[in-house]
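Counting convention: from 1, in listed order, for ligands and their atoms alike. Position 1 is the first residue of the sequence; numbering continues from there.
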Amino acid sequence: MSWQACVITLLPEAFPGILGHSLAGRALAGRALDEGVWSLDIIALRDFGAGKHQSVDDTPSGGGAGMVLRADIAAAAYDKAVAAHPGLPVLAMTPRGKPLTQQRVQALADGPGVIVFCSRFEGVDERFYDTRMVEEVSIGDYVLSGGEVAAQVVLDAALRLRPGVMGDARSGEDESFSAGLLEYPHYTRPAEFEGHNIPDILTSGDHAKVDAWRQEMSEQITRERRPDLWEIYKKKT
Ligand code: 6GU
């Protein structure tokens, strides 16, 4: 069975977006979509809108700026998604959610797929969260205008871990975050660029030395740039 993505959104035309294009000549999430490696079901919130204008939002109770997505509309779209894709975890993309981690992404990739609810406006009526099972997820401490970009982040991160989506299967493993360290520097031809040479070890042909150098560089970069990750890594090893 192919990996199922279902997205609930006010902007259905924003999908598959970047996921339909190949990244850097490989990636293939777009090709993989065509080949049935994964599927994408887009549920338009507007289809559940109320009244002649199919309105989905209203002014916030208690006053204030912006608009709030109605709970009844959000719930109707959610119920349709869950009925069509029973058993899939449901994420709601919101800056107040739990920060997304590579570990969570890996678990999603290992499962049958995901339903992603994209919030827009100032937010969703809280009673939607009171009455439906959703995992609120954030992709970082900054605010986006809506969850669509964040949803594509989640799907991209999960899909690249699926077999048949990335060119070289190994490139999914040996990299930032899966080991808890940031990536080591990469080089390719030409041998010299604006007076900068490729480190000799990398062209020595000594694979053990190359591995040791890469490990050392990963540790150094992590220590310098991400002391938070470095502390966790040190405790683990
Ligand atoms: Cl998941 N959604 C929105 N709207 N803003 C965000 C976010 C998500 N994660 C960080 N900022």
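With hydrogens left out, the protein atom closest to atom 9 (N) of ligand 1 is I139 N, 3.0 Å, a heavy atom. With respect to atom 5 (N) of ligand 1, the closest heavy atom belonging to the protein is L144 N, 3.1 Å. Nearest protein heavy-atom contact of atom 11 (N) of ligand 1 is Y142 O, 2.5 Å. Of all protein heavy atoms, the one lying nearest to atom 10 (C) of ligand 1 is G140 O, 3.0 Å. Residue, atom and distance of the protein heavy atom nearest to atom 3 (C) of ligand 1 are P95 CD, 3.3 Å.
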### Task
Assess whether salt bridge (Lys or Arg N to Asp or Glu O under 4.0 Å) is satisfied between D72 and R127, documenting all intermediate values.
CA-CA 9 Å; D72 54 344; R127 293 168 294 178; over 6 Å; no
### Task
Check step by step if salt bridge (Lys or Arg N to Asp or Glu O under 4.0 Å) holds for E13 and R46.
CA-CA 12 Å; E13 63 280 9; R46 186 67 61 187; over 6 Å; no
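Of all atoms in ligand 1, listed by their number and element, those nearer than 4.0 Å to a heavy atom of S138 are 1 (Cl), 9 (N), 10 (C). Interface of V137 with ligand 1, defined as ligand atoms under 4.0 Å from a residue heavy atom, comprises 1 (Cl). When each atom of ligand 1 is checked for a heavy atom of A150 under 4.0 Å away, the hits are 1 (Cl), 8 (C).
In terms of heavy atoms, I198 sits closest to P190 at CD1-O, 3.9 Å. For the residue pair V124 and A74, the shortest heavy atom distance occurs at CG1-CB, 4.1 Å.
Side chain of S138 to main chain of K98: no donor-acceptor pair is present (N/O by atom type, distance under 3.5 Å, no hydrogens or angles).
Of the residues Q220, R214, Q215, the one that meets the side chain to side chain contact (heavy atoms under 4.5 Å, CB included) test with M217 is Q220.
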